[in-house]
Every structure is written in C-alpha cells, then in structure tokens.
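Residue numbering restarts at 1 for every chain, and letters A, B, ... go by the order of the sequence lines. As the structure is a prediction and not an experimental result, all values here were calculated from the model.
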Amino acid sequence: MASTVIGAGITIDGEITADEDVVVHGTIRGKLTAKDAVTIEQGAVVEADVTGGAMVVAGAVTGNITSSDRVDLQSGAKVVGNVKASRITIADGAQFKGNVDMDV
Amino acid sequence: MAEVTVIGRGTRVRGRVVGAASLEIQGHVDGDVSVEGDVTVDAEGLVGANVSGRRLVVRGAIKGDLSGSEAVVLEEGARVVGDVRAPRIAIAPGALVRGYVQTGSGEGRPRAAARPAVRAVPTPVKAAPKPAAAPAPVKVVAAPKPAPRTAPVALAGAAPPMGRSPAAPAATAPKGPPPPVVPALKKGAKGALNKKKAH
C-alpha cells in the first residue's frame, strides 16, 4: 500500500487528508488528518492538529494529537498540545506539554 | 532519507506546497505547488492550481498554470487546463492541453517573449535602408537627400504590421538592432527636395 511521504525540504501550508499512512519529515502547518498510521520523524515540524491511527512522534508537534490507536512519543519528540489516545508511551528524552486524555 | 516527497493516492492536500525537494503527486492537491525540485504528477494525480518547479512531468490532470524552469513534459494521459511555460516543452501524443503554451527562455515574462519575436522582424526592415544608408534609420534623415526618400517609405511599409512591438526593443534593447522608428520628415522637406531638384 502506498504511503504519503512529506520529505524534508517540503512545507505544506494547509490541510492534509490522507487515506493511508503518512510519514512526515518536513514542515506542515494547518491540519493533518490520516486514516492510518502517522509517523512524524525527527526534524519534522508539525504546527497542526494531527488526527490519525497509530502515531509515532519523534519530531516537533505544536497542536493536538488525536489518535484512534496508540501514540508513541520517542526521544527527541517535542510535543506542545493535548494528546487523546487509548494508549500512550512517552520515552525518556521526549518533551511534552499538554493534557493526556486516555478515554478512561 | 526521503528525498522525494510523495503525496499518495488517497491523500488530499488543501493548501500550498513549497519546498526545495522533489515532489510526486499521486493524490489531490488543491493549492499552489511551488518547489525547486522536479514535480511528477501521476496518472491519478489531480492538481487544482499552479505548479512550478524545475522539471515537470505530467501524466494527470492539472487545472492551473505550469511553469518549469527547466522543462515541462506532458505525457499521454495528461490533461492540462492552463498555461504552460518552460524553456523546453514536450507534449506527447495523447496529452490534452488547453491554454497558452510558450517555450523559450524566461519564466513567462512577457518582455522575454516579445524580444525573440521582435528580433526576427527588424531584419527585413534593416535590409531596406541598407542599400540607402548603413547607420540607424534615424540618422538617415541627416544623411544625403535621396536616402530619406527611400528609407522612410520602406519603413512606413514595414512598421504598421509590427504594431506595438517596436516600442519594446526601443526601450529595452540597448545594443540590439536600431529602433525601427519611422523618421518624421520635417515639414516642407519634400517640398525643399522638389525645389532643389527643379534647380
């Protein structure tokens, strides 16, 4: 299955709606809605609300993260915003500021 | 690691895409695409606004202007509604284009387009005053008397078809062909000529 890759040199100003996996290396400003997994690699800058399935965050996210599955903040991640997911892991070294809502 | 950005088949981008990398569009993009790398729009790709990049290869649908700094290649299956501007343009059989297509240097600047077109025209005009007087037609007025009679007539005949294009090289071409301005005959010049001939 194809996936959308937003490369390192690309900046997208606007909404992205994807029916598939999204891997972000570049910059997104606006809104990111994916049906499947979202991977925000190190070096990526996401100034948007991110909605999707399983998420792995290793870059900088300024915005709310809503996941239908799990959210993994890896070391190097910098998240400023609320996270809503059923499962969450925050690795040592990840920076996080916001609410966590695990649908309890 | 990922040098090429791929906007996948099920992805829809509503906004601008800018960057320094190359881009492959398999989904929908409803906004300007302006990258410094190559842009490939696949057969399922749909772009609803202008696309500019280095080398554009189009197999999908684009409703907007295409501007390649190197080349634009429209392959079979391409559907473009909009202008296409690039130094080199290839339109393969089966590609559909509706718009202004312009090849040549310059990224769609109207002056750059006018200049090569106008350069071709002054050469027949230059041929006319050549036998009469080699220097610029403006100088021809001061030259020996028989010359002004032939040169302005030739220029007057050639100037109207060129329309407004002579104005462009006159203003913008410092070392190009001399501006093909019809030299104005001073009032009574023809009369003076006839008088002199009578003498």
Side-chain angles (χ1 to χ4, degrees), chain A residues 1-63 67-69 74-77, chain B residues 1-64 66-70 77:
Chain A
M1 200 163 94
S3 73
T4 293
V5 176
I6 314 257
I10 294 285
T11 301
I12 297 188
D13 260 309
E15 285 182 28
I16 303 176
T17 315
D19 262 350
E20 53 202 3
D21 302 349
V22 180
V23 178
V24 184
H25 293 92
T27 304
I28 297 180
R29 269 186 223 111
K31 196 169 166 186
L32 170 56
T33 309
K35 216 188 250 182
D36 281 338
V38 176
T39 308
I40 298 173
E41 299 279 355
Q42 191 153 37
V45 174
V46 177
E47 286 166 19
D49 286 343
V50 184
T51 310
M55 285 199 213
V56 175
V57 181
V61 177
T62 307
S67 170
S68 58
D69 193 351
Q74 293 181 337
S75 164
Chain B
M1 185 163 66
E3 267 304 329
V4 181
T5 293
V6 177
I7 295 182
R9 211 169 294 169
T11 301
R12 192 186 181 116
V13 177
R14 257 184 238 100
R16 304 186 57 229
V17 181
V18 298
S22 296
L23 184 56
E24 188 176 331
I25 299 176
Q26 296 168 356
H28 294 210
V29 177
D30 284 332
D32 282 350
V33 175
S34 175
V35 294
E36 285 163 34
D38 302 340
V39 180
T40 305
V41 180
D42 280 346
E44 315 92 25
L46 259 165
V47 182
N50 301 341
V51 180
S52 89
R54 193 172 55 211
R55 192 185 147 83
L56 311 184
V57 178
V58 181
R59 291 185 203 101
I62 298 185
K63 185 172 187 296
L66 294 178
S67 177
S69 61
E70 194 184 285

Undergrad: For chain A, which candidate among Val33(B), Val35(B), Ile7(B), Val17(B) shows the most heavy-atom pairs at distances under 4.5 Å?
TA: Val17(B)
Undergrad: Contact part of Val18(B) toward chain A, heavy-atom cut-off under 4.5 Å: side chain, backbone, both or neither?
TA: both
Undergrad: Among the options Gly15(B), Gly10(B), Ala20(B), pick out the one with the most heavy-atom pairs lying under 4.5 Å from chain A.
TA: Gly10(B)
Undergrad: Enter the distance from Leu32(A):CG to Thr11(B):OG1 here, rounded to the nearest 0.5 Å.
TA: 9.0 Å
Undergrad: How far does OG1 of Thr17(A) sit from CG of Asp30(B), to the nearest 0.5 angstrom?
TA: 9.5 Å
Undergrad: Which heavy atom in Val5(A) sits nearest to a heavy atom in Thr5(B), and how many Å separate them?
TA: O-CG2, 3.0 Å
Undergrad: What distance separates His28(B) NE2 from Ile16(A) CD1, expressed to the nearest 0.5 Å?
TA: 14.5 Å
Undergrad: For the residue pair Glu20(A) and Arg9(B), what are the closest heavy atoms and their distance?
TA: OE2-N, 3.3 Å
Undergrad: Using a cut-off of 6.0 Å, state whether more than 12 heavy atoms not belonging to Arg55(B) lie near its atom CZ.
TA: no
Undergrad: Which distance, rounded to the nearest 0.5 Å, do you find between the CD of Glu24(B) and the OG1 of Thr4(A)?
TA: 10.5 Å
